[in-house]
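Nothing here was measured: the structure is a model prediction, and the numbers come from that model. A, B, ... follow the sequence lines: proteins, then strands. Residue 1 opens every chain.
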Amino acid sequence: MVSENTLIDEIVSLCKRRGFVFQSSEIYGGFNGFFDYGPLGVELRRNIKDAWWDDMVRRRDDMVGLDSGIIMNPEIWKASGHVDGFSDPMVDCKDSKMRYRADQLFAAEIKVDGDSLGWVCLLESISMQDEAEKKAELIKRKAAKQGKLEAVDLRPFDELTQDEQAQVPSPATGKVGALTEPRDFNMMFETSVGALKDGSSTAYLRPETAQGIFANFKNIVDTGRVKLPFGIAQIGKAFRNEITPRNFIFRSREFEQMEIEYFIPQGEEVWQRYHREWIDTRRSWFGSIGLTSEYLGEEVHPKEKLAHYAKACTDITFKFPFGEHELEGIAARGNFDLSQHQIHSGKNLEFFDEGTKQKFLPHVIEPSLGVDRTFLAVICSSYQVDEVEGEKRTVLRFHPRVAPIKVGVFPLVKNKPELVDRARKLYSNLQQRWNVIYDQSGAIGRRYRRIDEVGVPFGVTVDFDTIEGDGSVTLRDRDTTNQQRLSEEDLFSYLEEKINL
RNA sequence: GCGGGCGUAGCUCAGCUGGUAGAGCACCACCUUGCCAAGGUGGAUGUCGAGGGUUCGAAUCCCUUCGCCCGCUCCA
C-alpha cells in the first residue's frame, strides 16, 4: 500500500517522465507556481477543453461562446471589486508562525470604568461575541478590578489604528506584540500598457475570465439573438499572484479556466432551480470524461463564508491524493456583476424580455472550472498500478475521449517487412482521424505495457493472419487486456464508437 | 513572508569519517522476439542546484544564494 504522499510523487514523476507536465523554466532552476505542458500533456488538455466546449456550447441551444482578451480596460477590475477586494491584508503571528487574514481577525479593548485592561483577539466566528465577553470577564476578574465592564466592541483588525494594533495579543498565544502589521497581498498581476511606464498605463492580467463575459454581455445581447435563459462560455488563461502556489498544478499562478455565465430571470425560486440544475449538469459531465464518481463530492459554502455578491456557492470537489479540494465552483451571483458594470460604465445593461415586456438585469449562475485541476483529476483518477502475477503494470485508464493517444499500431515482429509495411499503412490511415502512435521496437507484450503507461486505450497488432489470412487485425483493450480480431473496416467503426462520444 | 524538509544521469536513488562519480529502470542502434515487458551485444548521458571559502585535494566540511516540497493564508 503506497502512502498518499508517495502517490502524488509517483504521479508527478510519471507526468515528467512521459512528457505530460514539466516544471516551468527548469533549465534555469524552475519558477515557482508555473508549469509547462509537454507533448502528451498538451493533447490531454486540448481533449479536456474540446470535450467541455462540445458539451457545454456546441451541443446546446442556449449557449454561445466568447474569447475576450487577457488584458482589458482596468476599470473592469475596479467595477468587479478585484482592485480593492482582491487584495487581502495578512497578519502574521511571529510567535506561533500562524498567518491570518486581517479582516477575519477581530479585536476589542477591555475597559472597566474607562480604564483599559488590554485587548482580546479572536478569529471570526458566529460565537465570537460570546467568547470575547467571557474573556473580558476573565480579564476583569484576574485584574481584580471593581467597577462596570464596558460593552465589548469587536472590530476587524484591519480597521484598527496602528497604535491599537500594536496592543492586540496573538489569538494563538495571547502574547502582545507578536502580531505584525497587516500587509497587503494583491493577487492581480500588474502590467503597463504603452511604452511609457507611468501610473496611468497600469493594467492587469485577468484573474478570471468571467469579467470579460460580463463586459461583453451587451454586445452579445445586441448581436447574438439570444433569449433568456442563455449562457456565455469562455475558455482562457487567468493569472493570480498566489501567495503560495501548492500541490503541483492544483494551484498555480498561471492557469486556465472554463467558465460559464448563465443568465436567468430574476426570482428566488428561479435561481435556486437553475443552480441545482447546473450542479447536476456539471457533475455528470465529469463522468463523461472518466472521472471516478467516488472521488467526486459536493461542498456547499456556508452562508457566512460567502463573498458579498454571492447568494450561494456549491463546489464540486475531487479527492486528490493530497486531500479533497475544489474542482469547480458553481456560484449564484445574482445580478451583482452586471449592476456593477452598469454603474461603472454608465451604459444600460438591462435585458428586455419580449414575453413580459419588462426590462431588468438578469441574474446569473456561474459554473467555473479549472482546466489544470481537471487535468490533474483526470490523471489521478486514471492512475493505477496493477499487480499481475507478481509483476507491476502502471496504467493510466484515461477515458478514450480524453486519452492523448487513442491507438497504438504494431507489427507483431519487426523483422518481417510484410508485417511492417501493412502496419505502417494502417497507421497512416488511422492517423488521418486520430492521434495514434506506431511502435515496432521490442517484444509485443512490452509495447503493450509501454502504451498502458501513457493511457493509450487501444492497441492494434498486425500479424501473419492479417497478411496471409482474412486480413483481420488484433485489437487489444487497455483495461481488460482482452484481445479480439476485427477486420480493418470493423476496426474503424469500433474505434469511432468508443472514442467519439 | 515565517517554520520544517530536500537538491547527485530522463526517472528512482547509492556514494560512511574529504581522494577526483555509480546502480537499477528508461533511452538509442543492431540482433532476438508468433500476442502481455524488463533476452543478447554495443552506445550516449552528469557544470553532484549556483557562487565563494577551508584544503595538496570538496558531491562530501563552512558561509552565502537560488530553486523545489510540506504547514499557515488565498482560490479555478
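A donor N or O paired with an acceptor N or O is found under 3.5 Å between the base of B:C75 and the side-chain atoms of A:R373. Between the side chain of A:R447 and the base of B:A37 there is no donor-acceptor pair of N/O atoms closer than 3.5 Å. The base of B:C74 sits with one of its N or O atoms less than 3.5 Å from a complementary donor or acceptor on the side chain of A:R251. Between the side chain of A:E326 and the base of B:C75, no donor-acceptor pair of N or O atoms lies under 3.5 Å. The base of B:C36 is paired with the side chain of A:R476 by a donor and an acceptor separated by under 3.5 Å.
Each of B:A76, B:G34, B:U12 was ranked by its minimum atom distance to the side chain of A:S13; first place goes to B:U12. Ranking B:U33, B:C36, B:C35 by closeness to the A:N415 side chain, first place goes to B:U33. In the set B:C36, B:A76, B:C35, the nucleotide with an atom closest to the side chain of A:R240 is B:A76. Distance from the side chain of A:V413 is smallest for B:G34 among the nucleotides B:G34, B:C68, B:C36. When distances are taken from the side chain of A:R446 to each of B:C30, B:C36, B:A38, the shortest belongs to B:A38. Relative to the side chain of A:Q257, the nucleotides B:C75, B:A76, B:G34 differ in distance, and B:A76 lies closest. Here the side chain of A:I444 is nearest to one of B:C35, B:C75, B:G67, namely B:C35. Minimum atom distance to the side chain of A:K414 is reached by B:U32, of the listed B:C35, B:A76, B:U32.
Put simply, A:F464 rests on the base of B:G34: the two rings are less than 5.5 Å apart at their centres and nearly parallel, under 30°. A:F31 does not qualify as a stacking partner of the B:G67 base, lacking a centre-to-centre distance under 5.5 Å together with planes within 30°.
With both pairing distances under 3.5 Å, B:C74 is matched to nothing as a Watson-Crick or G-U wobble pair. With a cut-off of 3.5 Å on both pairing distances, the Watson-Crick or G-U wobble partner of B:C56 is B:G19. If you check B:G24 for Watson-Crick or wobble pairing at under 3.5 angstrom, you find it paired to B:C11. Under the Watson-Crick or G-U wobble criterion, with both distances below 3.5 Å, B:G34 is left unpaired in every strand shown. A 3.5 Å limit on both hydrogen-bonding distances identifies B:U64 as the Watson-Crick or G-U partner of B:A50. B:A29 is paired with B:U41 under the Watson-Crick or G-U wobble criterion, all donor-acceptor distances under 3.5 Å.
Annotation: cation-pi geometry satisfied between A:R373 and A:F250 (NZ/CZ under 6.0 angstrom from ring centroid, within 45° of ring axis). Cation-pi geometry between A:R253 and A:F255 is not satisfied (NZ or CZ under 6.0 Å from the ring centre, within 45° of the ring normal).
Dashed line: the shortest gap from a side-chain N or O of A:R449 to OP1 or OP2 of B:A37 is under 4.0 Å. Dashed line: the shortest gap from a side-chain N or O of A:N247 to OP1 or OP2 of B:C70 is under 4.0 Å.
Looking only at atom types and distance, the side chain of A:E453 has no donor-acceptor partner in the side chain of A:T394 under 3.5 Å away.
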A:Y262/A:Y274 under ring pair (Phe, Tyr, Trp, His ring centres under 6.0 Å): CA gap, chis, key distance, verdict: CA-CA 9 Å; A:Y262 195 78; A:Y274 281 110; 5.8 Å; yes

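Computed from coordinates, the A:D439 CG to B:A37 P distance equals 15 Å when rounded to whole Å.
Under the 30°/60° scheme for interplanar angles, the aromatic rings of A:Y448 and A:F410 are found to stand perpendicular.
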